[in-house]
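All figures in this text were calculated on a predicted structure; none of them were measured in a lab.
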Amino acid sequence: MKRVRKAVIPVAGLGTRFLPATKAMPKEMLTVVDRPVVQYAVDEALEAGIEHIIFVTGRNKHVIEDYFDIQPELVDTLARSGKEEQLASLERMQLPAGSISFTRQQAPHGLGHAVWCARDIVGDEPFALLLPDMLSFGEKGCLAGIMELYEQTGGNVIAVEQCDPTETNKYGIVGKGRAVQGGFEVTAMVEKPAPAAAPSNYYINGRYILQPEVFGILGTQERGAGGEIQLTDAMRRLSESQSFHAHHFKGRMFDCGSKEGFIQANVAFALARSDIRDLVFEPIAEMIGSQARRNEAA
Ligand code: UTP
């Protein structure tokens with residue numbers, strides 16, 4: 001079984017659900033507590049043993065490249081003013097030279113097309129895919145859990161969580177087959193099925209390990225739902241010849257591409273941080289308490 005060394009992080013989407021904030025600022029650079037959303041995805045990939053990160057960027061996304069670069073003037077200024085803690089935080093996030101690549105999706109033709117744009121850099125080996133606006137919250141990152149399952153099963157592995165059964169039409173849904181440790185065999189993949197037609201309420205949560213044969217399928221693919229090249233369609237075709245397993249993620253994924261998910265993520269991550277928790281807990285609890293009282297009175 002080939003080791004998974006590379007991770008693709010697509011960041012070329014338009015982020016229309018978060019306008020006007022995303023008119024000039026990529027949604028992947030919106031901050032949860034004190035770091036951009038994309039930093040959490042990179043940390044999760046490194047925690048899972050990934051050695052090379054491939055960003056698929058697009059127009060108006062150059063700030064993401066700058067973010068992962070060294071800023072000599074800033075480093076000098078912090079060093080001269082003795083700001084050791086801030087300096088250390090910059091050093092911690094610095095990826096080794098040569099372990100980060102950028103390619104470009106010239107127009108946002110969909111997630112499947114963004115993944116396809118990384119084909120030459122990935123080459124002929126399995127790779128991880130992380131959608132950075134889906135923010136993993138839990139003791140262990142979601143990708144580390146997928147890796148464990150991949151070591152048992154090989155093939156393709158995707159992470160899933162359960163959604164409200166009435167909301168299957170918002171997600172890519174999988175069918176549940178034979179159980180394996182930490183997950184199950186995938187028997188079907190359907191993009192946004194109506195609740196009555198859904199094979200289960202397990203939805204694909206934005207973390208994948210895929211075999212390189214997916215690129216061949218994406219390259220020949222017709223546009224699917226919404227006129228975009230859909231990754232789920234390509235995975236369904238790949239599942240005709242290769243195994244797919246689902247890792248049941250026991251943490252929680254926040255959809256930071258939506259306003260409500262982003263706000264919830266900020267609260268959850270702030271309350272989980274020992275340096276911030278005491279500063280924000282009481283004011284947040286007070287605001288929630290007074291809103292609850294207003295709701296009751298209404
Ligand atoms: P989303 O569908 O959540 O991103 O894609 P979006 O299209 O930017 O969002 P909305 O719906 O308009 O608000 C998930 C991930 O895939 C990337 C996005 O940047 C995001 O990280 N993506 C999506 C691409 O890189 N290219 C695309 O064509 C579409």
When you compare the side chain of E28 with that of V63, does any pair of heavy atoms fall below 4.5 Å? no
Do any N or O atoms from the side chain of [X] and from the backbone of [Y] form a donor-acceptor pair under 3.5 angstrom?
X: S200; Y: Y202; result: yes
X: T168; Y: P193; result: yes
X: K250; Y: E161; result: no
X: S239; Y: F244; result: no
X: Q152; Y: Q181; result: yes
X: R273; Y: A270; result: no
X: S99; Y: L95; result: no

Just jot down the ring pair (Phe, Tyr, Trp, His ring centres under 6.0 Å) partners of Y40, sequence neighbours excluded, or say none. F269
Suppose we screen for side-chain hydrogen bond (donor to acceptor under 3.5 Å, both in side chains). Which residues come up paired with H245, at least two apart in sequence or across chains? none
Determine the minimum heavy-atom distance between [X] and [Y], stating which atoms define it.
X: G15; Y: T22; answer: O-OG1, 2.7 Å
X: R207; Y: C142; answer: CG-SG, 3.7 Å
X: L130; Y: A41; answer: CD2-O, 3.6 Å
X: M29; Y: V38; answer: SD-CG1, 4.0 Å
X: G261; Y: S258; answer: N-OG, 3.1 Å
X: G175; Y: F184; answer: O-CE1, 3.8 Å

Side-chain heavy atoms under 4.5 Å apart, restricted to Ile/Leu/Val/Met/Phe/Trp/Tyr: what other residues fall into the cluster of V190, or is it alone? none
Residues that, via side-chain heavy atoms closer than 4.5 angstrom, fall in one hydrophobic cluster with Y203: Y171, I173
Identify every side-chain donor-acceptor pair in residues 6-13 under 3.5 Å, counting partners at least two apart or on other chains, and give the distances.
{"unit_1": "K6", "atom_1": "NZ", "unit_2": "I121", "atom_2": "O", "d": "2.9"}
{"unit_1": "K6", "atom_1": "NZ", "unit_2": "V122", "atom_2": "O", "d": "3.1"}

Ring-plane angle category for H113 and H109, please: parallel below 30°, perpendicular beyond 60°, tilted otherwise. perpendicular
Determine the interplanar angle of the F215 and F127 rings, folded into 0 to 90°, and report it as parallel if under 30°, tilted if 30 to 60°, perpendicular if over 60°. parallel
Strictly by modelled atom types, are [X] and [Y] linked by a side-chain donor-acceptor pair under 3.5 Å?
X: Q211; Y: N156; value: no
X: Q264; Y: R252; value: yes
X: E213; Y: Q242; value: yes

Holding to salt bridge (Lys or Arg N to Asp or Glu O under 4.0 Å), I want the full list of residues that pass it with R5, two or more places apart in sequence or in another chain. E51, E125
Mind checking what makes salt bridge (Lys or Arg N to Asp or Glu O under 4.0 Å) contact with D278, not counting sequence neighbours? none
Can you sort out the partners of K140 under side-chain contact (heavy atoms from CB on, under 4.5 Å), two or more places apart, ordered by chain and number? E47, A144, E148
Quick one: side-chain contact (heavy atoms from CB on, under 4.5 Å) partners of E65, sequence neighbours excluded? T57, F102
Determine which pairs satisfy ring pair (Phe, Tyr, Trp, His ring centres under 6.0 Å) with at least one residue from residues 62-95, sequence neighbours left out, and list them in order. F55-F68
Under the side chain to side chain donor-acceptor pair (under 3.5 Å) definition, can you give me all pairs with a residue in residues 280-296, not counting sequence neighbours? Q291-R294, Q291-N295
Within residues 164-174 or reaching into it, pairs that qualify as salt bridge (Lys or Arg N to Asp or Glu O under 4.0 Å) - sequence neighbours excluded: E167-K170
